[in-house]
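First comes the structure, then the notes that go with it.
Chain letters run A, B, ... following the sequence lines, proteins first and then strands; every chain starts at 1.
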Amino acid sequence: MSLPMIEIDNISKEYRLGVIGGTTLNAELQTKIAKLRGKEDPNSKIGAKQPTHRNERFLALDGVSFNVMPGEAVGIIGHNGAGKSTLLKLISRVTAPSAGEIRLRGRVASMLEVGTGFHPELTGRENVYLNGAILGMTKAEIDRKFDEIVEFAEMAQFIDTPVKRYSSGMYVKLAFSVAAHLDSEIMIMDEVLAVGDAKFQNKCLGKMGDEASSNNRTILYVSHNMSTIQRLCTRVIVLDHGRVVFDGDTPSGVAKYLAVNRESDTVNYLENIERSRYCQRGIVMEKVSFPEKENNLFLQGGKVHFRLQWRTTKKLLNVVMRAYVNHVTATPVGFTSIPFGDLDAGQHFETDVEIDIAGLIPGSYYLSCEFHEIDSSGATTWQDCADNMLQFEVLENREIKLELMDHTNKVAWNHNNWGSIRFQVSSDNRLVK
Amino acid sequence: MDENRPVTVIKPHTGWLDLHLGELLHYKDLIFLFVKRNFVSLYKQTVLGPAWAVIQPLLTTVVFSLVFGNIAGLAADGVPTFIFYLTANVMWGYFSGCLTTTSSTFIANSGILGKVYFPRLVMPISTVLSKLIDFAIQYAFMIIFVIYFALTNSGVHPNWYMLMTPVLLLQLAMLSLGVGIIISAATTKYRDLRMLVSFGVQLWMYATPVAYDMFSIAGFAPGGKYYHIYMCNPVTPIINMFRYAYLGIGGVDWFYYGISWVVTLVILFIGVIMFTRVERTFMDTV
C-alpha cells in the first residue's frame, strides 16, 4: 500500500475582510493615538460598530481534509469563491494556511497561470529556461528536455524570436509545454487549459491523462469546464463555502456540483437583467418561467416548455420574438422565432413556447429571448432583450443513451469537439464488394 | 520508494530560525537566469546599451565636481575632484541601486510571486548580482581614470589596499541586501516606507563621505567631535577604504571597519529572518 502523494489535514485559511493590510503607517498611528486618547477612530467607517470593524474575518477554507494517491487525477470544482484557488495556492506554497497541515511527497509543479515569469523581451528559448527554472527545474534538466518541449509546442521555427512577437496562442503553447515536461510528481493546474485552440487543448488533455495513468503523476485540476473535468479526472472533489461537500467518482461529483451550483430557478422576474443599450424598450419582458415544474431539469429527447409574460409600451409594427439557446460555456446552440404581427401600446401578453430538444445532448444550457420590430422598410429595431434569463439542464435519458452507445461504439460525447446537437439520422449501409 | 521521497510539510507557522537556506542551492540556476533576464531586458532596444551604466555615475560625478568642488569649493584632499567623486560614486551607486531595487522586491514582483513558489530570497539575491554587472562596467571605467591620474602625477597613489576590493564589494552587497529586504518585508504592511526609500537613500548618502571629504571637515575628521558617531555608519568605512586603496588619500580605521562588518552581518541576519517571516503570507496583504 503506497503512501498518499498529497495529504491535506484539516486545512483552514482565514482572510481579514475589508481593508486587508497595506494600510499606511499614518493611518495606523492615527488609530492607535485616537484609541489612547479615548476618542473615536478617525479611520473607522462612520456608524460601523468597533468590534465588527476590527474582527471581521472570512474563512476561505474551513477544515478541508483529503488525500490523493499517486496516479490519481483529481478535479476540484465549486462555484466562484468556494475556495478552489485558495486551496491550490496553499498546496503550491504561494501562501501559508491559517491552520492545519499539508504533506506533499514529491515535487510540485504548479500552473496557477500559464507562462509565469515570461519576459516579453527574451526569446522563446530564454523564456523556456527561465520559466522552467521558476517552476523548479535545474538548467541541466531543462537542457535534457528542451527538444521535447519545443516539439510538443510545435514552435521550433520561432524559438529564437522574442516572445513579444508571438501570438497569444503561441505564447500559451510554449508555456504549457514547459510546465507539462516538468519532472514533478504532482501537477497543479488552475483552468489553464481554457486557453489555446481546441486542437492544442485536446493535445494537452491527452498529455495530462497519459502522465497520470502511465507515469503515475498526480494531478490536481481546477476548472469550471465540466467536459474537461470529465475527460481528465478520475475523481472529483466539490467545494462549497470552503468545505468539501463531495469526494468521489467524476460523474456523481459533476452532478453534485451542478446541483449545488445550478441556478435552479424556474422563474425569473426580468427587471434585474441588464439590457443592451440598443433596446428601445417598446416591449418589456416581465417574467419568464418553466410552468408547472419544481426544477429546471429536462429529459433528453423531450421538450422545454417556458412561459413568458410581456407588455408593449408603444404601438409596434410586425413584432417578432426570437428565443435562443446557448450552452453554459456560451457556445450558441440554436434559435427559433415567433411572429406576433402589429401590436398596440399597453397590451399585456402571456406566451407559452415549447422547444423540441430532441437532438440536444445532456448538459447545461441558457435560454435567452429578444423582441424585434420590423418596420415597413424592412429595418429591424431591438425592442427588448434578456440574455441567459433561465438556465436548464438536459439530463441523460437512459433509453436514448443505450441507443447512442450502440451507434457510436461507446464513444462519449464531448461538447467541445462535436457541439451540443446530435442530428437525427437515418442511414443505409450496403456492402458493395 | 514512497518512503524515500522528500516530504514537504506546509504548516501555518514555522520557527524563527527555520530559514530553508539550503533550498536556495537548488535554485541557483534560477538566480543566474534572473540575473541574465534583468541584464538583457534592461538594455534591450536602447541605443547605447550597457554604456548607460557608465553615463549615470559619470553625470553624477560631473555634477558633484561642479557643485561641491567648484562652486562650494570643498577640498578633495589633494586629488582631482573628478576622480575623488568618481571613486565614491561607483561604490555608492552600487549600494543605493541594490538597496532601492531589493526594497521593492515583493511589490514589484507580486505577479510572479503570487503564482508560483520558489524561495523568495532568489529575487533580491539575483538583483544584487545583476547590479554587479553594472558595477563591473563602471569599475573598469574608473580604473582607466585612476591609471591616467596616477601616471600624470596628480596626487593619486593606488596601493595594495586595492586587493580588498572584492571584500568591500561583498560587504556592500550584503549590507544593501540586508537593508533592502528589511524594507521590502516592512512595505508589505506599510506602503509609506516605499516613499521613504529614495529620500532615505539621499539622506544616507550625505551621511557618508561621497560628495565631500570627511577629513577636511573638522567635526568628522579623526579626533573630531562627531567622528565616533559619524563612523558608525557602516558604509563610511567601506567608502574610506576604497578611496584610500585607489587614491591613497584619507585613512583606514580598522576598528570601525570591524564594526561595519558586525553591523552588516547583524542587519543581513535580521533581514533574512524578517523576509522569511513575511514571504509565507505576504500575498494576502500585498
Side-chain angles (χ1 to χ4, degrees), chain A residues 2-5 7 11-16 20-26 28 70 89-113 116-117 119-122 126-127 129-142 162 185 190, chain B residues 1-14 23 25-34 36-38 40-45 107 109-120 122-123 186-196 277-286:
Chain A
S2 56
L3 288 166
M5 208 64 160
E7 279 178 69
I11 280 289
S12 296
K13 178 69 183 175
E14 187 182 72
Y15 286 104
R16 265 165 62 198
I20 299 169
T23 55
T24 64
L25 193 54
N26 187 22
E28 201 142 302
K89 276 188 179 169
L90 293 180
I91 299 173
S92 50
R93 296 168 74 191
V94 167
T95 183
S98 310
E101 202 174 289
I102 300 173
R103 282 177 295 279
L104 305 169
R105 289 192 178 76
R107 278 169 63 181
V108 176
S110 67
M111 294 167 66
L112 302 191
E113 176 189 69
T116 309
H119 196 289
E121 295 286 353
L122 301 182
E126 289 165 331
N127 269 314
Y129 278 94
L130 184 62
N131 189 232
I134 286 177
L135 294 173
M137 284 199 268
T138 61
K139 191 159 177 300
E141 281 176 283
I142 308 170
E185 289 84 17
D190 193 352
Chain B
M1 126 187 212
D2 280 331
E3 286 70 23
N4 297 333
R5 263 200 218 116
V7 181
T8 312
V9 181
I10 302 169
K11 284 188 294 193
H13 302 288
T14 51
E23 220 182 3
L25 277 181
H26 178 79
Y27 283 88
K28 59 180 187 306
D29 290 334
L30 180 60
I31 296 180
F32 289 112
L33 284 163
F34 270 133
K36 192 178 162 197
R37 181 198 71 169
N38 291 347
V40 172
S41 59
L42 186 58
Y43 295 117
K44 264 213 175 146
Q45 288 202 359
I107 290 170
N109 297 298
S110 58
I112 293 187
L113 299 179
K115 293 295 181 189
V116 66
Y117 174 81
F118 50 84
R120 294 349 191 171
V122 161
M123 295 239 102
T187 41
T188 58
K189 190 127 191 271
Y190 304 110
R191 293 285 172 99
D192 303 56
L193 287 167
R194 273 178 92 197
M195 311 300 163
L196 274 176
R277 294 297 290 175
V278 167
E279 69 169 15
R280 295 166 46 76
T281 53
F282 86 99
M283 269 322 294
D284 303 339
T285 52
V286 126

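Only the backbone of A:Leu90 comes within contact range of chain B, with heavy atoms under 4.5 Å apart. The part of B:Val40 that comes within reach of chain A is its side chain, from C-beta onward, which places non-hydrogen atoms under 4.5 angstrom from that chain. Contacts between B:Lys36 and chain A at a heavy-atom distance below 4.5 Å involve the side chain alone, from C-beta outward. Of the atoms belonging to B:Leu113, it is backbone heavy atoms, and not side-chain ones, that fall under 4.5 Å from chain A. Neither the backbone nor the side chain of B:Phe32 comes within less than 4.5 Å of any heavy atom of chain A. Only the backbone of A:Ile91 comes within contact range of chain B, judged by heavy atoms closer than 4.5 Å.
In this structure, A:Lys13 forms a cation-pi arrangement with A:Tyr15, its terminal cationic atom sitting closer than 6.0 Å to the ring centre and no more than 45° off the ring axis.
What you find for A:Pro70 and A:Leu3 is that their closest heavy atoms are CD-O, 3.6 Å.
Taking CG of B:Asn38 as the reference point, atom NE2 of A:His119 lies at 8.0 Å (rounded to 0.5 Å). Rounded to the nearest 0.5 angstrom, B:Lys115 NZ and A:Asp190 CG are separated by 7.0 Å. The line from OH of A:Tyr129 to OG1 of A:Thr138 is 10.5 Å long, rounded to the nearest 0.5 Å.
With respect to chain A, the highest number of heavy-atom pairs below 4.5 Å among B:Leu33, B:Val122, B:Asp29 belongs to B:Asp29. Between chain B and the residues A:Ser98, A:Ser110, A:Gly136, A:Ala96, the largest count of heavy-atom pairs under 4.5 Å involves A:Ala96.
Residues satisfying the salt bridge (Lys or Arg N to Asp or Glu O under 4.0 Å) test with A:Arg103, not counting sequence neighbours, are A:Glu7, A:Asp9, A:Glu101.
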